Protein chains: 2
Amino acid sequence: MTEQPAAALRDQDFLRLDGQICFALGAANRAFGGLYRVVLKDLGLTYPQYLVMLVLWENGTTPVKELGRRLRLDSGTLSPLLKRLEAAGLIRRERSAQDERSVHAVLTDEGTALRERAVEVPRRIAAATGFELTEIRDLQVRLARLTAALDAAVPQD
Amino acid sequence: MTEQPAAALRDQDFLRLDGQICFALGAANRAFGGLYRVVLKDLGLTYPQYLVMLVLWENGTTPVKELGRRLRLDSGTLSPLLKRLEAAGLIRRERSAQDERSVHAVLTDEGTALRERAVEVPRRIAAATGFELTEIRDLQVRLARLTAALDAAVPQD
DNA sequence: AGCGATTGAGTTGTGCACAACTGAATTGTG
DNA sequence: CACAATTCAGTTGTGCACAACTCAATCGCT
């Protein structure tokens with residue numbers, strides 16, 4: 001009923017094949033989620049919260065805008081997440097004096113101290129993958145390339 | 001990023017490195033999400049709903065349990081999702097006569113007809129990745145291996 | 001200086017993911 | 001046969017992701 005692809009693959013093959021890369025991606029992503037859930041449990045953090053803390057531990061005080069840029073999250077996700085981190089006593093939110101629109105996330109002493117207990121997290125995760133570092137790197141590079149291609153294909157921003 | 005011998009990595013390097021594979025994974029996953037959102041928009045489906053439809057198109061009537069097994073989703077996710085598909089007129093839910101605990105998802109005529117319009121989806125997605133099929137396959141295999149390793153590391157089930 | 005456009009954070013609403021739970025149907029074991 | 005354990009779908013509650021919006025602060029242009 002429509003044009004046939006040049007390759008030997010037919011529509012129904014594509015429909016079966018299709019889910020697979022995204023599905024494999026989603027499955028891996030959720031498997032990581034499950035592992036992080038366990039590992040981060042006694043730090044009292046979720047995985048996205050942990051990512052925010054990573055940025056803060058590395059960078060110190062950071063504007064919400066910058067957190068969003070680094071983590072690819074928008075204010076609709078970050079605002080409530082930061083509120084929860086603040087409620088947990090790990091950060092404070094301070095309006096910038098220079099630009100009253102901007103809000104900075106600032107580590108509290110408690111938030112800073114949590115880093116000590118977080119250092120073991122990456123090792124536990126890495127151990128669970130059973131992958132060599134080089135292989136992880138390779139996967140990263142491919143995924144980054146894939147992401148860039150996909151982003152380019154969606155005309156947003 | 002800068003290359004570094006694996007042996008020389010310290011805690012803080014780990015803390016920086018750490019997010020990266022999962023982060024790359026999450027980024028790729030969300031990039032796919034964004035693309036699917038656009039492509040599936042005029043089918044009126046979300047990506048998880050599309051996955052359910054794929055299974056139904058391939059398999060016909062399928063118990064909720066089996067959908068969960070295939071898609072790695074639990075009833076907490078599937079129940080409301082299937083309700084929405086039913087509300088959209090694409091499926092019906094029918095309690096099994098053999099086992100009254102079990103519910104089968106059944107395609108309506110409308111749901112079956114939607115397949116015609118869905119066949120172009122995989123091509124559009126594949127085109128957006130710009131990846132060769134072999135490369136996609138390779139990535140799939142690696143991700144599946146990663147997922148299996150991670151699942152094995154989380155003592156659930 | 002005046003004022004429209006843009007920027008930044010936040011809110012609302014929808015949908016997914018998952019834990020913990022409920023309740024009904026079925027199965028297994030004594 | 002009885003009844004405890006299990007299975008299955010569904011519900012509730014929390015948190016993330018994102019679209020669409022609001023509102024105030026700032027910027028840019030004239």
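Just so we're on the same page: letters track the sequence lines, and every chain starts at 1. All of these numbers come straight from a predicted model, not from anything done at the bench.
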Nucleotide-resolved protein contact map, nucleotides 21-29 of chain D, B/S/- at heavy-atom distance under 4.0 Å: ----BS---

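- Counting all heavy atoms, side chain and backbone alike, B:Arg92 lies closest to B:Leu107 at NH2-O, 4.2 Å.
- Here D:dA9 is the nucleotide among D:dA9, D:dA17, C:dC18 with the atom lying nearest to any side-chain atom of B:Val103.
- By the 4.0 Å N-to-carboxylate-O rule, A:Arg123 lies too far from A:Glu120 to be salt-bridged with it.
- Under 4.0 Å is where a charged nitrogen must lie from a carboxylate oxygen, and between A:Arg72 and A:Asp151 at least one such pair does.
- B:Arg72 places its CZ atom 13 Å from the P atom of C:dA19, with the value rounded to the nearest Å.
- In this structure, B:Phe32 places its CZ atom 19 Å from C1' of D:dC18, rounding to the nearest Å.
- Residue B:Arg93 has a polar side-chain atom (N or O) positioned under 4.0 Å from OP1 or OP2 of D:dG10.
- Whole-Å rounding puts the B:Leu67 CG to D:dG10 P distance at 11 Å.
- Minimum atom distance to the side chain of A:Thr77 is reached by D:dA17, of the listed D:dC8, D:dA17, C:dA9.
- Judged by closest nucleotide on DNA chain C, A:Arg95 is the one of A:Arg95 and A:Ala31 placed further toward the 5' end.
- The side chain of A:Arg30 places an N or O atom within less than 4.0 Å of a non-bridging phosphate oxygen (OP1 or OP2) of C:dC18.
- The A:Lys65 side chain lies nearest to C:dG8 when the options are C:dA19, D:dA9, C:dG8.
- Backbone-only engagement by A:Leu81 is indicated by non-hydrogen atom pairs under 4.0 Å involving sugar-phosphate atoms exclusively.
- Taking atom CD of B:Glu86 as the reference point, atom P of D:dA9 lies 14 Å away to the nearest angstrom.
- Remark on DNA chain D: of its neighbouring residues B:Arg37 and B:Val64, the 5'-side contact belongs to B:Val64, judged by nearest-heavy-atom nucleotide.
- B:Asp99 has no carboxylate O lying under 4.0 Å from a charged side-chain N of B:Lys65, or vice versa, which leaves the two without a salt bridge.
- A donor-acceptor pair under 3.5 Å links the side-chain atoms of B:Asp74 to the main chain of B:Thr77, judged by distance alone.
- Taking only side-chain nitrogens and oxygens, A:Thr46 never comes nearer than 4.0 Å to OP1 or OP2 of D:dT14.
- Taking the side chain as every heavy atom from C-beta outward, A:Val52 and A:Ile91 never approach each other to under 4.5 Å.
- Look at CG on B:Leu51: it is 17 Å from P on C:dG15, rounded to the nearest Å.
- Going from atom CG of B:Leu45 over to atom C1' of C:dG15 covers 13 Å, rounded to whole Å.
- A salt bridge does not link A:Arg95 to A:Glu100: none of the charged side-chain nitrogens sits closer than 4.0 Å to a carboxylate oxygen.
- Rounded to an integer number of Å, the gap from B:Leu82 CG to D:dA9 C1' is 10 Å.
- Residue A:Leu73 is classed as a sugar-phosphate contact, given heavy-atom separations below 4.0 Å to backbone atoms only.
- Between D:dG10 and B:Lys83, no contact under 4.0 Å exists linking OP1 or OP2 to a side-chain N or O.
- The distance between atom CG of B:Leu85 and atom C1' of C:dG15, rounded to the nearest whole Å, is 12 Å.
- For the pair A:Arg145 and B:Phe131, the distance from NZ or CZ to the six-membered ring centre is under 6.0 Å and the angle to the ring normal is within 45 degrees.
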